[in-house]
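Structure first, commentary second.
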Amino acid sequence: MYDLNRVKSLLQQRRPGHSLPQALYNDADIFDFDMAAIFLRSWLMVGFEVELPDPGSYLSLTIGKSPVVILRDRDGIIRGFHNSCRHRGAQICATGRGKAARLVCPYHQWTYDLAGRLVYAGRMPETFDRTPHSLGPIHVETVAGTIYICLAAEPPPFDAFRDKLTPLLAVHDLRHAKLAFESTLVEKANWKLVMENGRECYHCVAGHPELSRSFPTGAKAHFEPDEAGQVDRFNDRMARAGLPVGPVEGEWWQAIRFPLNEGYVSLSVDGRPLVAKPMCPAEGGDIGSLRWAVEPNNFNHALGDHTFMFTALPVGPEETIVTAKWLVHQDAVEGVDYDLAALTHLWTQTNLQDRDLAENNQRGVHSIGYRPGPYSDDAESLARRFVDWYCSQSARFIDAHA
Ligand code: FES
Ligand SMILES: [Fe+2]
């Protein structure tokens with residue numbers, strides 16, 4: 001169990017603009033603190049509405065040590081529940097994706113409807129009242145086809161995020177997409193090292209030769225107008241096409257549409273689209289990338305031809321599961337409109353390279369010679385933003401529980 005005074009002292013040791021003290025990257029108690037202070041309190045992006053096509057379709061995953069299930073109910077509404085039986089607590093839905101008319105606990109078959117109500121409990125006395133034994137609900141929100149959950153009793157405000165992201169994202173028509181591929185990767189690194197790495201492109205030129213062809217690796221946080229005028233020209237072109245570019249941001253989220261490198265219409269190795277049928281037909285799909293990112297553990301790129309999602313779920317102090325998802329237009333046919341290996345190549349390579357970087361970072365952070373070092377304002381402002389956010393959330397949690 002974590003000691004709040006110890007965490008407070010570690011946070012106080014942090015020098016502004018520097019990476020974190022060692023224990024915050026490798027300590028088992030700090031991991032428990034992170035789950036309580038960050039993952040059980042924040043909005044987390046978990047996927048897309050099209051992953052739950054029918055009543056009873058569900059997605060089951062575990063946040064920290066808490067299994068949750070997100071499902072579509074009989075009215076088409078997406079709901080979330082603690083995936084823990086109200087009898088003796090067994091996990092009800094197996095981890096992964098599935099479909100069920102009712103949720104039946106595998107232990108003693110207590111059965112819940114899609115609204116979470118207990119509808120069957122065998123061999124209980126006639127006087128047994130099922131009503132107070134519904135599944136515990138969790139908060140669920142959707143934005144333009146994307147799904148977010150929060151396990152806190154009182155989640156952070158969500159409306160500003162929805163209001164600002166919707167006009168940027170709606171044109172990608174994610175409610176008429178399909179999941180083309182999903183991958184998971186286990187990284188032997190603390191989740192914060194995984195996310196710091198995912199929030200900067202300082203390492204991209206050396207670390208990601210494929211991604212660096214299309215991705216503007218030298219860009220600053222908000223893709224400020226550049227000397228060559230590329231950003232201005234892109235923004236003018238998007239304005240004429242009626243596509244907002246942002247940037248927009250709140251405490252725990254950001255979004256911006258930015259231009260890819262000259263000659264690249266997708267995040268692809270050769271610059272050409274990876275999917276013949278676009279998700280957003282404006283400008284022939286040549287619309288740069290809409291990047292949106294949600295603290296603590298997610299970023300996404302919506303391009304003209306496909307959408308990519310990255311989330312990192314911590315499972316231990318030095319173990320993190322990275323889930324990647326690729327979406328294409330629902331009518332795009334594999335083998336006709338896209339080649340699956342080609343579609344997934346760039347981010348598969350990039351994720352493997354990032355895994356190696358994060359694991360190598362973790363090894364070095366273990367050193368008795370490790371000292372927190374400074375972030376580059378030019379190249380790592382979003383990594384610093386992430387760490388600053390982590391520290392302020394943690395401090396807020398400690399104050400609230402002191
Ligand atoms: S624990 Fe679920 S039915 Fe017994
Ligand atoms: Fe990377």
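Order of listing sets the numbers, starting from 1, for every ligand and every atom in it. Only this structure's heavy atoms are used, side chains among them; waters, hydrogens and symmetry mates stay out. As the structure is a computational prediction, the values presented were derived from the model and not from experiment.
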Excluding waters, which protein N, O or S atoms are within less than 2.8 Å of atom 2 (Fe) of ligand 1?
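Cys85 SG, Cys105 SG, with waters left out.
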Under the 6.0 Å and 45° cation-pi test, does Lys192 pair with Tyr390?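 Satisfied, under 6.0 Å and within 45°.
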Looking only at the aromatic ring of each residue, does the gap between the centers of [Y] and [X] stay below 6.0 angstrom?
| X | Y | answer |
| --- | --- | --- |
| Phe258 | Phe215 | yes |
| Phe33 | Phe397 | yes |
| Tyr148 | Trp43 | no |

* When rounded to the nearest 0.5 angstrom, what distance separates NZ in Lys325 from CZ in Phe48? ->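 Interatomic distance, Lys325 NZ to Phe48 CZ, rounded to 0.5 Å: 7.0 Å.
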Any N/O/S atom, backbone or side chain, of [X] lying under 2.8 Å from the Fe ion (ligand 2)?
| X | answer |
| --- | --- |
| Asp354 | yes |
| His203 | yes |
| Cys204 | no |

_Angle between ring planes, His133 versus Phe128, binned at 30° and 60°: parallel, tilted or perpendicular?_
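Taking Phe128 first and then His133, their aromatic rings sit tilted (interplane angle of 30° to 60°).
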field: No-hydrogen, no-angle side-chain donor-acceptor test under 3.5 Å, Ser289 and Tyr264
entry: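 Short answer, no.
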